[in-house]
Amino acid sequence: MQRIPELFARMTGDEKHEWAAASTIDVLWVLYDRVLNVTPATVDDPGRDRFLLSKGHGPMAYYAVLAEKGFIDESTLDDWTSWDSPLGQHPDRVLLRGVEISSGSLGHGLPIAVGTALGQRIGESAGRTIVLVGDGELDEGSNHEAIAVAARLNVANLTAVVIDNRSAVYGWPGGIARRFAVEGWQTDEVDGRDHDALFAALTTPHDRPYAVVAKIERS
């Protein structure tokens with residue numbers, strides 16, 4: 001983890017999304033360092049875990065973690081905003097090995113994750129699907145449908161991690177976790193900077209879809 005701030009700082013040119021990216025650093029690190037069953041050598045293994053970054057606007061933290069874990073060459077971080085860089089200002093699954101979806105358009109990742117997890121279930125894969133979404137994009141109607149469908153079909157191999165940095169316009173009565181709980185999801189809330197708490201939450205057994213709300217405070 002100690003190199004992530006250094007790698008993050010090598011990417012300039014999209015400062016307007018810097019806070020959106022910085023709010024995901026700790027969750028991404030814990031996922032790739034301690035939770036996800038995927039490595040650069042197993043990105044095509046049908047039994048791998050799938051990680052989907054729905055919060056794809058401002059992906060600097062994502063790229064920093066991928067570089068530290070060997071999925072991409074860290075030298076590509078230095079010119080990430082150039083026209084010929086494979087590191088777009090939104091991740092591109094065609095250009096980057098190990099990136100599961102092209103993302104950045106708000107509200108797409110969670111519906112895709114539901115379908116991905118269902119595909120794993122049909123294929124009898126041991127892998128899980130974990131999707132990282134932002135609190136603001138939960139205002140998109142596609143997420144309402146995905147939350148309902150995942151619960152009705154009991155997509156138990158699906159985990160949604162919600163970065164709650166209080167950027168949502170409308171929010172949800174009773175908090176974000178309740179948004180999932182009323183549809184039948186198992187839920188948890190955790191400090192989004194506490195690595196041990198994140199690890200405990202992200203490895204908690206569940207027999208239904210599971211939402212972890214990672215609360216982030218501005219420093």
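Count residues from 1 along the sequence. Only this structure's heavy atoms are used, side chains among them; waters, hydrogens and symmetry mates stay out.
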For a 4.5 angstrom cut-off between non-hydrogen side-chain atoms, does [X] reach [Y]?
X     : Y      : answer
Val35 : Val30  : yes
Thr24 : Tyr62  : no
Pro86 : Asp92  : no
Arg50 : Ile130 : no
Ser23 : Lys55  : yes
Phe51 : Leu28  : yes

With a 4.0 Å cut-off, would you call [X] and [Y] a salt bridge?
X      : Y      : answer
Asp196 : Arg34  : yes
Glu217 : Arg166 : yes
Arg48  : Glu100 : yes

Checklist entry - Using 30° and 60° as the class limits, which term best fits the ring planes of Phe180 and Trp185: parallel, tilted or perpendicular? => result perpendicular

Minimum heavy-atom distance between [X] and [Y], given as atom pair plus value:
X      : Y      : result
Leu53  : Pro91  : CD2-CG, 4.2 Å
Arg179 : Ile147 : O-CG2, 4.1 Å
Asp33  : Lys69  : OD1-NZ, 2.6 Å
Ser54  : Val131 : CB-CG2, 4.0 Å
Ser103 : Gly56  : OG-CA, 3.5 Å
Pro209 : Asn154 : CD-OD1, 3.6 Å

Could you check whether any side-chain N or O of [X] sits under 3.5 Å from a backbone N or O of [Y], counting only pairs where one atom can act as donor and the other as acceptor?
X      : Y      : result
Gln186 : Pro205 : yes
Asp164 : Val213 : no
Asn157 : Ala117 : yes
Asn143 : Glu137 : yes

Atom pair [atom1] ([X]) and [atom2] ([Y]), whose distance is rounded to the nearest 0.5 Å:
X      : Y      : atom1 : atom2 : result
Leu138 : Leu110 : CG    : CG    : 7.5 Å
His108 : Ser102 : NE2   : OG    : 11.5 Å
Leu118 : Leu153 : CG    : CG    : 6.0 Å
Thr116 : Arg128 : OG1   : CZ    : 14.5 Å
Thr187 : His206 : OG1   : NE2   : 12.0 Å
Thr159 : Asp188 : OG1   : CG    : 11.0 Å

Out of curiosity, does [Y] fall in the hydrophobic cluster containing [X] (side-chain heavy atoms, cut-off under 4.5 Å, transitive links)?
X      : Y      : value
Ile101 : Ile72  : no
Val161 : Phe199 : yes
Leu52  : Leu87  : no
Ile176 : Val27  : no
Met60  : Ile216 : yes

Next on the checklist: Looking only at side-chain N and O atoms, does Ser85 offer a donor or acceptor that is under 3.5 Å from a partner on Ser82?
Outcome noted: no

Checklist entry - Are side-chain N/O atoms of Gln120 and Thr129 paired as donor and acceptor at under 3.5 Å? => result yes

Checklist entry - Does atom CZ of Arg178 have more than 12 heavy-atom neighbours from other groups under 6.0 Å away? => result no

Next on the checklist: Set out, in order, the CA-CA distance, both residues' side-chain angles and the distance that settles side-chain contact (heavy atoms from CB on, under 4.5 Å) for Leu158 and Tyr210, then state yes or no.
Outcome noted: CA-CA 6 Å; Leu158 172 64; Tyr210 180 39; over 6 Å; no

Item to check | Proximity of Tyr32 and Phe71 rings by center, below 6.0 Å | outcome: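 Aromatic pair counts; centres sit under 6.0 Å.
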
Item to check | Pair Thr81-Gln89, side-chain contact (heavy atoms from CB on, under 4.5 Å): steps then yes or no | outcome: CA-CA 7 Å; Thr81 54; Gln89 293 189 23; 3.7 Å; yes

Item to check | Criterion side-chain contact (heavy atoms from CB on, under 4.5 Å) on Arg10 and Leu7, from CA distance to verdict | outcome: CA-CA 5 Å; Arg10 289 169 65 167; Leu7 296 171; 3.9 Å; yes

Item to check | side-chain hydrogen bond (donor to acceptor under 3.5 Å, both in side chains), paired with Ser75, selected from Asp78, Asp73, Asp79 | outcome: Asp73

Checklist entry - Passes side-chain contact (heavy atoms from CB on, under 4.5 Å), Lys215 versus Arg193? Steps please. => result CA-CA 8 Å; Lys215 293 181 172 292; Arg193 299 298 191 196; over 6 Å; no

